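FYI, side chains are in, hydrogens and waters are out, and symmetry mates aren't considered; it's all heavy atoms of this structure. Worth saying up front: this structure is predicted, and the values here are computed from it rather than measured. Numbers restart at 1 for each chain; the letters A, B, ... are given by sequence-line order, proteins then strands.
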Amino acid sequence: MDDRTQRILDIVVNSFLPLLKAGVEFTVPLALISFALGLVVALLAALARLSGNRVLSGIARFYVWIIRGTPLLVQLFIIFYGLPSIGLTLGAFPSAVIGFTLSVGAYGSEIIRAAIQSIARGQWEAAYSVGMTYSQALRRIVIPQATRVAVPPLANSFISLIKDTSLAAAITMTELFRVAQQITATTYEPLVLYSEAAVIYLIFSTVLSWVQGWLENRFSRHVAK
Amino acid sequence: MIQIRNLHKSFDDLHILKGIDLEVGSGETVVIIGPSGSGKTTLLRCLNLLETPTSGSLELGALHLTFTPGKPLRRDETLALRRETGMVFQSYNLFPHMTALQNLMEGQVTVLGRSKAEAREKALQLLKKVGLADRADMYPHQLSGGQQQRVGIARAMAMDPKVLLFDEPTSALDPELVGEVLRVMKELAQEGMTMVVVTHEMKFARDVADKVVFIDGGVVVEQGPPEQVFEATQQERTKQFLNKLSV
């Protein structure tokens, strides 16, 4: 083996653990926390849109319009670099969580709204006819059925989110991609390091795809094919 | 049991019910017949407030509701009325993510606050009554239409309603499955359940009804015991409708 090959092999092997560690310590928690919080925001925004209340529905519409209409990277910069000038200084991790949560919330609300609207009117009527309130009907009858519809597009969002977390490198968070940048700065092997980072992202997304398959199976057990 | 006075229902500028007066006595089976678009389904849906009447009044047991245009009902009034009524739908509307047993337990546990054990016992007893004890753990899509509708009836019964409402319960069924559903309904009627049934099954109306009500154009055209409405028909419109059916 010549020296060049040996050197690259050493870099790959030596950087794998730091990269994986950054992924597991920051990328994955950032994605999980943002997605969980984002789903709550998404459900609330979807219910606001469906409420028939002009004010609530207007607020939800406005929120989705702003978040979908502006780049995520710009939003992150506003939160991390911009807000301190009005006295609101947040660390990189909280800034990233807020940015990604708002993003998941906006896109997710449209998915959840569509899923809820896809449930037949008769299901609501049957729930009401046994005396359920709106929230009981929603919780016990509609959401469980809507979940099945929402799982594939939500899984899509989650996989996008895992990859989008690399944007947090730009607000100084030492997640997977930032660590790859740092190692590149000392080794001058961008092709090797960034490819290696890509492989680790690929591993994360692949695991998620498996989870998606499992969830879809679970939720469609009781449905006629 | 039920007193309806001068009930009106409009959808925007479409006037569907134009002053309905109707009484249903305790333990009676009232069958509502009429051409499609006559307002009979709307009337039935007004009885458990799936549609809110525009004006008029509705009494059910101790509940007295008065409807005024533009003034929505209080939520507790709506819920109270729905607890006294059970509804059986044309397309069954079973909860597809629950087994037959769970369909019967759901309202009991969520709405009435019964314990799971109690709800389960009641559910099993009702499934047995409608002849489906061996189908308790099946999901709706694993059941035939007739079986699904019998589960639908049992689900409504599980809430111990004072009145059962049937919205064309056999219209979506294959002809050979109609009989099993009508048999269950006939049994309930004979046991003294108060029932209001919208149907095209004239034989059921003849055999089981205490009163037949013919509705057309949003008004009650004729009502009375089945032998009177069917054999000694008074109104020309009723005659025309019945003639068309027998062809």
Around atom [atom1] of [X], are there more than 12 heavy atoms of other residues, nucleotides or ligands at under 6.0 Å?
{"X": "R183(B)", "atom1": "CZ", "result": "no"}
{"X": "E121(B)", "atom1": "CD", "result": "no"}
{"X": "F62(A)", "atom1": "CZ", "result": "no"}

If you look at every heavy atom in [X] and [Y], which pair is closest and at what distance?
{"X": "V111(B)", "Y": "V130(A)", "value": "CG2-O, 3.5 Å"}
{"X": "Q145(A)", "Y": "P96(B)", "value": "OE1-CG, 3.1 Å"}
{"X": "T110(B)", "Y": "Q136(A)", "value": "O-NE2, 3.2 Å"}

If you define the side chain from C-beta out and look only at heavy atoms, does anything of M87(B) sit under 4.5 Å from E125(A)?
no
Where does [X] contact chain A at under 4.5 Å (heavy atoms): side chain, backbone, both or neither?
{"X": "T85(B)", "result": "backbone"}
{"X": "L94(B)", "result": "backbone"}
{"X": "F89(B)", "result": "side chain"}

Most contact-rich option vs chain A, by heavy-atom pairs under 4.5 angstrom, among R83(B), M159(B), E106(B), is E106(B)
Distance col, row N103(B):CG vs I141(A):CD1, nearest 0.5 angstrom, shows 7.5 Å
Separation between CZ (R140(A)) and NE2 (H97(B)), nearest 0.5 Å, reads 7.0 Å
Are the side chain of N48(B) and the backbone N or O of S129(A) linked by a donor-acceptor pair below 3.5 Å? no
